[in-house]
Amino acid sequence: MNSFTYHVPTKIHFGKNATDHLGDELKNYGKRVLLCYGGGSIKKSGLYDKVIAQIEKAGLEVFELSGIEPNPRVDSVREGAKLCKEHNIDVLLAVGGGSTLDCTKWIAAAAKVDHDAWDFFSEWAEVKDALPVLTILTLSATGSEMNCGGVISNLETKDKIGRLAKPLLPKVSFLDPTLTYSVSAYQTACGSADILSHILEVYFAPQEDLYMLDSFMEGLLKTVIKYTPIALNKPDDYEARANLMWASSWAINTFVTGGKQHEWSCHPMEHELSAIYDITHGLGLAILTPRFLRYCLNEKNVDKYVQFGVNVFDIDKSLPKMEIANKAIDELSDFLFNTLGLDDTFTKVGITTEHFKLMAEKACEGDTLHGFVDLTAEDIEKIFEMCI
Ligand code: NZQ
Ligand code: ZN
């Protein structure tokens, strides 16, 4: 186990009416607020009116950026940065799912520089500073509410690139599970597939594991497996939505990675799918993950699969190891495709073999995708073929 520093100072208000603290928290960061949101779900749910009322009650001035897309575009980042500069914005408030949160984080960084926002991704321009970001989460999935990452797409270059930068960490996040009652069954399922993937990307890593963190991750996995079907059957089940929401934050706030060498595999592959086909992130991950696990399984790493199968899916530990491993992958597939009802092949979501070579090369940056098992472009193409 490696030494590490854990420092994630996002303040969380969790629970029903968590947003009652909004005005007081915003006031700590200035007077001029840029409210950022997506395609209108917050207007339909009535959240928009509540947010505006809170901001007005706190005596703050509000400006707006609406229409942030799923798989948010760099054009929205540019537009938001322009607004920040024009109106001398002090603080950004993101209200929505991971796309809105990610876009807002990069607006906060782009507002502080003179160069184009895409330079953060194409040139890896330094992120020295950012405006403060507060978030109100409305979809449990990405963990963006409690991490310093953000993923942005560029339609012109067909790139979707994620990057971490400490100044982007939200100062305060408001997590009210009731705000996720209106999330559709499809987005709920995709969100849960994303949470599972965030955990599995770390759980299946090439290095010796810390028992405490593995047990914690198994608990998170079981939480998602237990509560997603409940939320699907009864969208306003508070316990289910609360468990999913808090699990989404803790799956990817760097706690589970403590001291562990880990490199992600399914996410880089999925980002190439979304970059070209604009599919929902969690759906791409759901299709890829069981195939990735099946492709990587071998005699040397089988014990990790056994641990996963026995501890998460209660598979009989007296069975032969390879049988347990394959059963574990079957159980995961069954959960994703039958229980959650997600499409199980690329063909069903309109992805053909046409760009496999290009996507595979980009996913491994023309060399090797390091991870649980190191993958070449050829390996990645084979995994894509298993998904057809
Ligand atoms: O745009 P609106 O109208 O708000 O509708 C959204 C959108 O259509 C809707 N929605 C959100 N909350 C809702 C709701 N509909 C009804 N009721 C609500 N309460 O759901 C749709 C999808 O929203 P989106 O924000 O795109 O989903 P998600 O949270 O899954 O975010 C996906 C993005 O996050 C990135 C993904 O790559 C993708 O671009 N990721 C960010 C990460 C991070 N920051 O750490 C890590 C992840 O691995 C991921 O890559
Ligand atoms: Zn993800």
Side-chain angles (χ1 to χ4, degrees), residues 8 10 35-48 51 65-74 76-77 94-106 133 135-154 159-165 168-170 173 175-202 224 231 235-236 241 244-245 248-254 257 264-275 278-286 288-289:
V8 183
T10 300
L35 168 63
C36 303
Y37 57 97
S41 71
I42 71 160
K43 288 204 166 160
K44 257 191 234 157
S45 67
L47 177 58
Y48 174 85
V51 167
L65 175 72
S66 63
I68 294 172
E69 317 80 4
N71 296 327
R73 321 286 192 239
V74 69
S76 296
V77 179
V95 186
S99 295
T100 293
L101 271 52
D102 284 8
C103 186
T104 306
K105 288 168 162 180
W106 283 107
V133 173
T135 83
I136 300 178
L137 184 68
T138 64
L139 198 169
S140 306
T142 64
S144 187
E145 65 277 8
M146 205 179 169
N147 72 35
C148 65
V151 189
I152 301 297
S153 295
N154 184 328
D159 283 311
K160 177 174 176 178
I161 303 178
R163 182 173 175 188
L164 304 169
L168 306 190
L169 188 74
S173 284
L175 308 189
D176 176 350
T178 68
L179 298 178
T180 64
Y181 287 174
S182 56
V183 177
S184 67
Y186 170 70
Q187 287 294 346
T188 299
C190 289
S192 288
D194 192 22
I195 303 171
L196 289 181
S197 174
H198 296 157
I199 304 160
L200 294 174
E201 295 268 30
V202 181
V224 176
D236 62 350
R241 294 294 193 179
L244 292 175
M245 191 169 240
S248 86
S249 306
W250 281 85
I252 186 176
N253 67 3
T254 71
T257 57
W264 290 22
S265 306
C266 292
H267 273 67
M269 290 191 258
E270 194 293 313
H271 285 176
E272 298 309 324
L273 305 181
S274 287
D278 199 20
I279 63 164
T280 306
H281 174 63
L283 176 62
L285 291 169
L288 282 166
T289 302

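Everything quoted here is computed from the prediction, not taken from an experiment. Worth knowing before you read on, the calculation uses all heavy atoms, side chains too, and leaves out hydrogens, waters and symmetry mates. We count ligands from 1, going down the list as the structure has it; atoms in each ligand are counted the same way.
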Interfacing atoms of ligand 1 (cut-off 4.0 Å, heavy-atom, Leu179): 19 (N)

Using heavy atoms and a threshold below 4.0 Å, how should the contact between Ala141 and ligand 1 be classified: side chain, backbone, both, or neither? side chain

Does any N or O of ligand 1 fall below 3.5 Å from an N or O anywhere on Pro72, backbone included? no

Within a distance of under 4.0 Å, is there any protein heavy atom near atom 6 (C) of ligand 1? no

N/O of Thr180 under 3.5 Å from N/O of ligand 1, yes or no? no

Could you tell me if any non-hydrogen atom of Glu270 lies under 4.0 Å from any atom of ligand 1? no

Ligand 1 atoms in contact with Lys160 (distance to a heavy atom under 4.0 Å): 36 (C), 37 (O), 38 (C), 39 (O)

What residue and heavy atom of the protein are closest to atom 16 (C) of ligand 1, and at what distance? Ser182 O, 3.3 Å

For atom 23 (O) of ligand 1, which protein heavy atom lies nearest, and how many Å away is it? Leu139 CD1, 3.6 Å

Could you pull out the N/O/S protein atoms under 2.8 Å of the Zn ion (ligand 2), ignoring any water? Asp194 OD1, His198 NE2, His267 NE2, His281 NE2

Is there side-chain contact between Leu35 and Tyr48, with at least one heavy-atom pair below 4.5 Å? yes

Below 3.5 angstrom, do we get any N/O pair linking Trp264 and ligand 1? no

Please check whether Gly40 reaches ligand 1 - meaning an N/O of the residue sits under 3.5 Å from an N/O of the ligand, judged on distance alone. yes

Contact partition for Lys44 relative to ligand 1, non-hydrogen atoms under 4.0 Å: neither

Is the closest N or O pair between Ser99 and ligand 1 shorter than 3.5 Å? yes

Within reach of ligand 1, part of Thr142 (heavy-atom separation under 4.0 Å): both

For Cys266, does its backbone N or O pair with a side-chain atom of Glu201 as donor and acceptor, under 3.5 Å? yes

Side chains of Asn147 and Thr254: closer than 4.5 Å at any heavy-atom pair? no

For Glu145, is there any backbone N or O sitting under 3.5 Å from a side-chain donor or acceptor partner on Ser173? yes

Applying a 4.0 Å heavy-atom criterion (strictly less than), which segment of Glu69 is in contact with ligand 1: side chain, backbone, both, or neither? neither

At what distance is the nearest protein heavy atom to atom 29 (O) of ligand 1, and which residue and atom is it? Gly98 N, 2.7 Å

Note, Ser249 side chain near Leu175 side chain (heavy atom, < 4.5 Å): yes

Polar contacts were defined as any N/O atom of the residue lying under 3.5 Å from an N/O atom of the ligand; does this apply to Ser184 and ligand 1? no

Where does Val183 meet ligand 1, judged by heavy-atom distances below 4.0 Å: at the side chain, the backbone, both, or neither? both

I want to know if ligand 1 touches Thr100 in the polar sense, i.e. an N/O pair below 3.5 angstrom. no

